[in-house]
Amino acid sequence: MSHAAAFAHPLLRVPTPVGWIAQACASQDILLIDHANCEKKAASTALSLMFAYAEDLELTDKMSRLAREELRHYEQVAKLMRGLDVTPQRLAPGRYAERLRRLVAKSEPQREIDLMICGAFIEARSCERFAQLAGAIGAPLCDLFQGLHNAEARHYRVYLDLARRAAKRAGVVLEARIAEFAALEAELITLPDEVFRFHSGPPFSAAGC
Ligand SMILES: [Fe+2]
Ligand SMILES: [Fe+2]
């Protein structure tokens, strides 16, 4: 059975292409630098949602826990980077999160539903990539990625539950909206990408591992 044919996931339609995994194995410094940035961004997104939906105690409680956990992940990545002499840097963000966020509605109540769906996809893809990387990349990165895999699986369910709750409250059918995000997400993951990042598509020409 092929790499893609064997894939089944509650949200994601396609697995990470083998070309991206090969590129990640060959670009471990950038992978770690961008991964550290993604953990900070995940914490920052959770904090922004706490401000945007300040009156919602269930959401703010879940986002507060999530932000703390993402910062602990950041500390784990930063520690590993120090050990490997990899210097943190600002990197221009890739297309992935920005393109997904373009699909988010500007007005409520759809905006909250979309933001939660968006969070669920980003976390689910991180989870899927950690699992792939853990099996393909050498030590010590494989241990870090294996450890983070379970946390990201939990995170995508947190966002998905909040999306379900917001959709129910608004009387909106969640599945149709999830399908729209899933189609875009699959495109961003499979179409060749100019830059290599944690959530990028495969390179135009496959890199060796
Ligand atoms: Fe994380
Ligand atoms: Fe996460």
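Order of listing sets the numbers, starting from 1, for every ligand and every atom in it. This chain uses plain numbering: 1 for the first residue, then up along the sequence.
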Next on the checklist: Restricting to N/O/S atoms, is Cys127 within less than 2.8 Å of the Fe ion (ligand 2) or not?
Outcome noted: no

Checklist entry - Which value, rounded to 10°, describes the OE1(Glu70)-the Fe ion (ligand 1)-OE1(Glu39) angle? => result 90°

Next on the checklist: What I'd like to find out is whether the side chain of Lys168 reaches to under 4.5 Å of the side chain of Leu174, using heavy atoms alone.
Outcome noted: no

Checklist outcome for this item: The side-chain contact (heavy atoms from CB on, under 4.5 Å) partner of Arg125 among Thr16, Leu11, Leu100 is Thr16

Item to check | Opening angle at the Fe ion (ligand 2) [ND1, His155; OE1, Glu123; to 10 degrees] | outcome: 100°

Checklist entry - Relative to each other, are the rings of Phe130 and Phe198 parallel, tilted or perpendicular (30° and 60° limits)? => result tilted

Checklist entry - Backbone or side chain, does Glu152 get an N/O/S atom under 2.8 Å to the Fe ion (ligand 1)? => result yes

Item to check | N/O/S from Glu69 sitting under 2.8 Å away from the Fe ion (ligand 1) | outcome: no

Checklist entry - Among side-chain atoms of His73 and Glu70, is any donor-acceptor pair under 3.5 angstrom? => result yes

Checklist entry - Are the side chains of Trp20 and His199 in touch, meaning some heavy atoms are under 4.5 Å apart? => result no

Checklist entry - N/O/S of His73 less than 2.8 Å from the Fe ion (ligand 1)? => result yes

